[in-house]
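Since the structure comes first, as structure tokens, the remarks are kept for the end.
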Amino acid sequence: MAMDEEALLVEISKNENSIVNHEKDVYILSSAFLLIFLAYGAAQNLESTINTEGNLGTISLGILYLSFMFCSIFASLVVRKLGSKNALILGTSGYWLFVAANLMPNWYTMVPASLYLGFAASIIWVGQGTYLTSAARSHANDHILNEAVIIGKFNGVFWGMFASHQFVGNLITLALMRDEEGGSTSGTTVLFLVFVCTVTLGAVLMCFLSKRAGKEEARQQDSSASSVSSVATLLKSIITLLQDIRMLLIIPLIAYSGLQQAFVWAEFTKYIVQPTMGESGVGGAMAVYGVFDAICSLVAGHFTFGLSSISIIVSGGALVQGAVLVWILLAHSVTAGALGILYPLLVAALWGIGDGVLNTQLSALLGILFKDDLEGAFAQLKLWQSFAIAIVFFLAPYISLQTMLVIMFVALCFSALGFLFLTVKVERAFSYRAA
């Protein structure tokens, strides 16, 4: 009897350690992304305002997200071969190279760095989605909890910490950059040196992640099949997902999430923030955006319990962003004084709320609906997001702010209707079938 009790205590201890490890990995992953993206996010916000010669900054970002889009097609295959942890570590190298290229920004440094970052970003984000969902499912199994609730909670923690990169990174930008007479800006070299150091720290932190056990790592270990067979399996997976009505109805919302992110990075900072607050003010406005994004991500993740809660939260976020789009379209004007400063800060706060909703709920939704092909589902997420982002960066120099706002409002309405149809009709049918 004593031996049985001792074995039981050992088993309980193992389970407790396993549970702690899952949560620990989420915080390590979130902290690493915070360090990497506080540098990259702030650099991206500045591209359209500091690298203006020949539209170098905007075009580099367009190239980056075009590369991201194409590489996302094969990202799930790379992640399966490497395993999610190794994919995360390799992905950090692209962000380091891109930030370092900004120390000597020209066509010969920025374009190659952007192309490589497209590849690195595709595998780091597929690896992130796969790793986080795998950790959530393991935690739920170990602790006998509702899987959808834990997926929502873990996504809330991750996206809450991740979104704070806008706050931290842009506060650093605000502290180190100064607008000078003649329209020039000082402090950029020191700023990007600091950012190179933070990306390096994030890459080191990634190495402390545990390797995930389960189907995702089992597929990695069973990777002795030929490359031709692997590519054929990948293409079959892509086609299968694109034949799934659930994925087809989610894609417009995924694409809109990319549009609204690119709008903030390229159009909001250029046309709404810079005219009233200057280049150094971009950091302050984006810090406000990051604070509200982080808070909303944590709150939205906490209240995610399944498909019904996701539909309510997404609908609320869509209403907020729709109201902001109409407000800017009908009432935007460059205003001096305190009102000129408060206006972009308020828009930044509201936009951060909408972004926090989309980030947490899309990741949770894919983790819940596509359990059997997490890599493929998150590859679809990044493929369509990056496609939309690339379109914005390539079109931005040639269309007006008003035209972009109209495009986004139409895209928002179309994607929201498709998503509501999914939640009300389609998933109910899938639930009945499963029952």
Side-chain angles (χ1 to χ4, degrees), residues 148 152 155-156 159-160 162-163 166 245-265 267-268 272 288-332 346-369 380-382 384-385 387-389 391-392 401-428:
N155 272 285
W159 288 107
F162 173 80
Q166 288 284 1
I245 186 63
R246 297 174 299 174
M247 179 60 75
L248 292 177
L249 291 171
I250 296 171
I251 284 174
L253 190 64
I254 291 174
Y256 174 76
S257 72
L259 284 178
Q260 60 91 28
Q261 288 177 10
F263 172 81
V264 171
W265 301 330
E267 304 291 279
F268 172 68
I272 298 176
V288 172
Y289 167 81
V291 167
F292 281 85
D293 198 336
I295 293 172
C296 183
S297 296
L298 288 170
V299 172
H302 180 75
F303 287 102
T304 301
F305 304 110
L307 193 63
S308 59
S309 61
I310 289 174
S311 63
I312 294 171
I313 295 170
V314 169
S315 298
L319 286 174
V320 171
Q321 290 211 342
V324 175
L325 287 170
V326 172
W327 181 22
I328 299 174
L329 186 62
L330 299 180
H332 171 64
L346 180 57
V347 173
L350 293 174
W351 208 264
I353 292 172
D355 186 63
V357 164
L358 289 175
N359 283 333
T360 55
Q361 301 310 294
L362 279 173
S363 294
L365 184 65
L366 293 177
I368 292 169
L369 295 185
Q380 290 285 337
L381 172 66
K382 290 305 169 182
W384 294 104
Q385 272 187 342
F387 173 71
I389 292 170
I391 288 176
V392 172
L401 175 63
Q402 289 73 21
T403 303
M404 181 62 71
L405 291 168
V406 171
I407 292 172
M408 291 188 61
F409 186 76
V410 172
L412 174 60
C413 293
F414 180 75
S415 60
L417 287 173
F419 175 76
L420 289 175
F421 181 80
L422 167 72
T423 57
V424 173
K425 300 290 185 181
V426 178
E427 189 52 31
R428 182 181 298 171

Going from [atom1] on [X] to [atom2] on [Y], what distance comes out if it is rounded to the nearest 0.5 angstrom?
X	Y	atom1	atom2	result
Q361	N155	CD	CG	8.5 Å
L369	L422	CG	CG	6.5 Å
E267	L401	CD	CG	6.0 Å
I250	F419	CD1	CZ	7.5 Å

Evaluate L253 against L365 for side-chain contact (heavy atoms from CB on, under 4.5 Å), listing each step before the verdict.
CA-CA 12 Å; L253 190 64; L365 184 65; 5.8 Å; no

For residues 404-413, which residue pairs qualify under side chain to side chain donor-acceptor pair (under 3.5 Å), counting only residues two or more places apart or in two chains?
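Every pair satisfying side chain to side chain donor-acceptor pair (under 3.5 Å) with a residue in residues 404-413: there are none.
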
Check side chain to side chain donor-acceptor pair (under 3.5 Å) between S308 and all other residues, then give those that pass, not counting sequence neighbours.
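Scan of S308 (side chain to side chain donor-acceptor pair (under 3.5 Å), adjacent residues dropped) gives none.
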
Partner set under side chain to side chain donor-acceptor pair (under 3.5 Å) for Q385, not counting sequence neighbours:
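Per chain and number, Q385 pairs via side chain to side chain donor-acceptor pair (under 3.5 Å) with S257, K382.
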
Sort and list the pairs that fulfil ring pair (Phe, Tyr, Trp, His ring centres under 6.0 Å) and have at least one residue in residues 290-315, not counting sequence neighbours.
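Passing the test, one end in residues 290-315: no pairs.
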
Give every donor-acceptor pair under 3.5 Å between a side-chain atom in residues 312-329 and any protein atom, sequence neighbours left out.
residue: S315; atom: OG; partner: S311; partner atom: O; Å: 2.7
residue: Q321; atom: OE1; partner: Y256; partner atom: OH; Å: 2.6
residue: Q321; atom: NE2; partner: Q260; partner atom: OE1; Å: 3.0

So which heavy atom on [X] is nearest to which on [Y], and how close?
X	Y	value
F263	V392	N-CG1, 4.4 Å
A148	I368	CB-CD1, 3.8 Å
I389	G258	CG1-O, 3.2 Å
G160	A294	O-CB, 3.1 Å
L298	G156	CD2-O, 3.4 Å

With sequence neighbours left out, what residues match T360 under side chain to side chain contact (heavy atoms under 4.5 Å, CB included)?
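Once residues adjacent in sequence are excluded, the partners of T360 under the side chain to side chain contact (heavy atoms under 4.5 Å, CB included) criterion are W159, S297, A300.
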
Evaluate L362 against I254 for side-chain contact (heavy atoms from CB on, under 4.5 Å), listing each step before the verdict.
CA-CA 7 Å; L362 279 173; I254 291 174; 4.0 Å; yes

Please table the atom pairs, donor to acceptor, closer than 3.5 Å between any side-chain atom in residues 406-418 and protein atoms at least two apart or in another chain.
residue: S415; atom: OG; partner: A411; partner atom: O; Å: 2.9
residue: S415; atom: OG; partner: L412; partner atom: O; Å: 3.0

Kindly write out the residues that satisfy ring pair (Phe, Tyr, Trp, His ring centres under 6.0 Å) with F268, not counting sequence neighbours, or none if the list is empty.
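None.
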
Checking L366 against L381 for the side-chain contact (heavy atoms from CB on, under 4.5 Å) test, could you report, in this order, the C-alpha distance in whole Å, the side-chain angles of both residues, the deciding distance, and whether it holds?
CA-CA 9 Å; L366 293 177; L381 172 66; 3.7 Å; yes

